[in-house]
There are 2 protein chains.
Amino acid sequence: MPRKPAYDRDALIAQARDLFWRQGWAGTSLKDLENALKLKPGSFYAAFGSKDALYALTLERYADEGVARLEALAQELGPLGALKTQPRLVVEAANAPAKACMLAKTYAELSAKDHDLAQLAAIHLSRMKACFADLFRQAQAQGQIGLDHDPERLATRYQSDLLGLRLSAERGDVDARQIAADIAADLDRL
Amino acid sequence: MPRKPAYDRDALIAQARDLFWRQGWAGTSLKDLENALKLKPGSFYAAFGSKDALYALTLERYADEGVARLEALAQELGPLGALKTQPRLVVEAANAPAKACMLAKTYAELSAKDHDLAQLAAIHLSRMKACFADLFRQAQAQGQIGLDHDPERLATRYQSDLLGLRLSAERGDVDARQIAADIAADLDRL
DNA sequence: GGCTTTATTGAGCGATCACTCAAGTATATA
DNA sequence: TATATACTTGAGTGATCGCTCAATAAAGCC
């Protein structure tokens, strides 16, 4: 009896993610979303409930894809290889909406007001950090990294470096590829 | 003949900087500013012209004080000592409105829309980077760092590390002091 | 085709945004 | 004390914010 929606929900979430990623939470109005997603207000709210609910979906999508990409990279290059390659890939990603990490941008924008979305971003950041720690642990188990290092600490530092790199990569007067190379080189000295 | 303002302009700029620093540009409304600065709209606009004009003043103030603090630290501890101490000081600053760098937050929030304030923040970030490069050059001249390093590249990486550190320091589940110690330790290996 | 169910539409809601301005008040000079 | 010159006040501006909802259109099942 029912009628199917005319839109591809997954594609809309991806489009919304790109908008939010580039422009931030406050910087993206419903008018922006309606124009980009080609949805009138009524359809928008029927589909997603609210701006914040859609934003949460895009955060989820962003984090999931990030983890999946890193794990695929580790399958191909091994744990240390993935960690060493990731910084360069992030900087060279040409068709990404932005260089900076969407989770970090969200947290930076909204944490001061204790917004729910800031907490959600923090959760996903922790997930990513745990993912890094796993890779460092695997690298240790495979003898690629000395056992005298704490994987959690390495992961914390690595994530911090990556956040700085990705923020720097947004700037025009910074050679982010140099930074990426230096971060990768640091991993060789472990 | 005239009448003196009842407020201390410098103090108001510092208060506004703290608000903007914590809450960001879009996150700080004029009502917020009026409440914090105890100024009615009329007085506010007579004093500062616009929200953006005041924001620009606070960026200037933030950057100037940052440079001054670092140069004072270099006087006391020497160039390399200042660079090694700065990360710890930033993390331990207890009464700062936020850990993250105000320039970086501003740039991240507003660069996607080509806002004038994003460009201004970028200019000040470059000033800071040049300041770091100077200190690395001095450290080289004093023999504290090998001559085989490019001071500009060291400064770029150092600033990136610092931005990542300061962003990470906002999070509850990250031990930023560990990161700060690791960054300082890296400088010893140059 | 008739009926039910859902999607789409877009005018418009109250709230808040940055900001203005005319009226009132206080102060330094004459 | 009188006057000129600011500063202070706060109601109110149009624009935009996220969002609602009644009306209309379209699709699946009988």
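Here the structure is a predicted model, which is why all the values come from computation and not from measurement.
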task = Would you indicate whether A:R177, at its atom CZ, is surrounded by more than 12 heavy atoms from other residues, nucleotides or ligands within a distance under 6.0 Å?
result =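 Check fails, neighbour count at 12 or below.
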Side-chain donor-acceptor distances from residues 122-130 of chain A under 3.5 Å, at least two apart:
{"unit_1": "A:H124", "atom_1": "ND1", "unit_2": "A:R127", "atom_2": "NH1", "d": "2.9"}
{"unit_1": "A:S126", "atom_1": "OG", "unit_2": "A:A122", "atom_2": "O", "d": "3.2"}
{"unit_1": "A:S126", "atom_1": "OG", "unit_2": "B:D173", "atom_2": "OD2", "d": "2.3"}
{"unit_1": "A:R127", "atom_1": "NH1", "unit_2": "A:D64", "atom_2": "OD1", "d": "3.2"}
{"unit_1": "A:R127", "atom_1": "NH2", "unit_2": "A:D64", "atom_2": "OD1", "d": "2.9"}
{"unit_1": "A:K129", "atom_1": "NZ", "unit_2": "B:D173", "atom_2": "O", "d": "3.0"}

Ignoring hydrogens and angles, tell me if any N or O in the side chain of [X] forms a donor-acceptor pair with the backbone of [Y] under 3.5 Å.
X: A:T58; Y: A:I13; answer: no
X: B:Y45; Y: B:K40; answer: no
X: B:S168; Y: B:A176; answer: no

task = Would you check, one step at a time, whether the test salt bridge (Lys or Arg N to Asp or Glu O under 4.0 Å) holds for A:E60 with A:R17?
result = CA-CA 10 Å; A:E60 215 101 36; A:R17 175 204 58 203; over 6 Å; no
key: Residues touching DNA chain C, which here means a heavy atom under 4.0 Å, drawn from residues 105-121 of chain A   =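 Nothing qualifies; none.
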In whole angstrom, give the distance that lies between atom [atom1] of [X] and atom [atom2] of [N].
X: A:L54; N: D:dC19; atom1: CG; atom2: C1'; value: 14 Å
X: B:K38; N: D:dT9; atom1: NZ; atom2: C1'; value: 16 Å
X: A:N35; N: D:dT16; atom1: CG; atom2: P; value: 13 Å
X: B:L33; N: C:dC17; atom1: CG; atom2: C1'; value: 13 Å
X: B:Y7; N: D:dT9; atom1: OH; atom2: P; value: 11 Å

task = Between A:E34 and B:L39, just flag the one whose closest nucleotide in DNA chain D comes earlier from the 5' side.
result =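 Result: B:L39.
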task = May I ask you to check whether A:W25 and A:F20 place their ring centres under 6.0 Å from each other?
result = no
message = Regarding B:R157 and B:D161, does a basic nitrogen lie under 4.0 Å from an acidic carboxylate oxygen?
response = yes
task = Using heavy atoms and a sub-4.0 Å distance, could you list which residues of residues 40-50 of chain B are near DNA chain D? By number, please.
result = B:K40, B:P41, B:G42, B:S43
request  = Taking only heavy atoms on the protein side, list every residue of residues 16-32 of chain A lying under 4.0 Å from any atom of DNA chain D, sorted numerically.
outcome  = A:T28, A:S29, A:L30
ask   = Taking all atoms of both residues into account, what is the closest heavy-atom pair of A:R153 and B:A181, and its distance?
value =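 Nearest heavy atoms, A:R153 then B:A181: NH2-CB, 3.9 Å.
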note = Taken in chain and number order and not counting sequence neighbours, the residues that satisfy side-chain contact (heavy atoms from CB on, under 4.5 Å) with B:Q86 are B:L70, B:L73, B:V90, B:Y158, B:L162
Please report, to 0.1 Å, the donor-acceptor pairs under 3.5 Å made by any side chain of residues 133-141 of chain B, with sequence neighbours excluded.
{"unit_1": "B:D134", "atom_1": "OD1", "unit_2": "B:R137", "atom_2": "NH2", "d": "3.4"}
{"unit_1": "B:R137", "atom_1": "NH1", "unit_2": "B:E152", "atom_2": "OE2", "d": "3.4"}
{"unit_1": "B:Q140", "atom_1": "NE2", "unit_2": "B:G146", "atom_2": "O", "d": "3.0"}
{"unit_1": "B:Q140", "atom_1": "NE2", "unit_2": "B:H149", "atom_2": "O", "d": "2.7"}

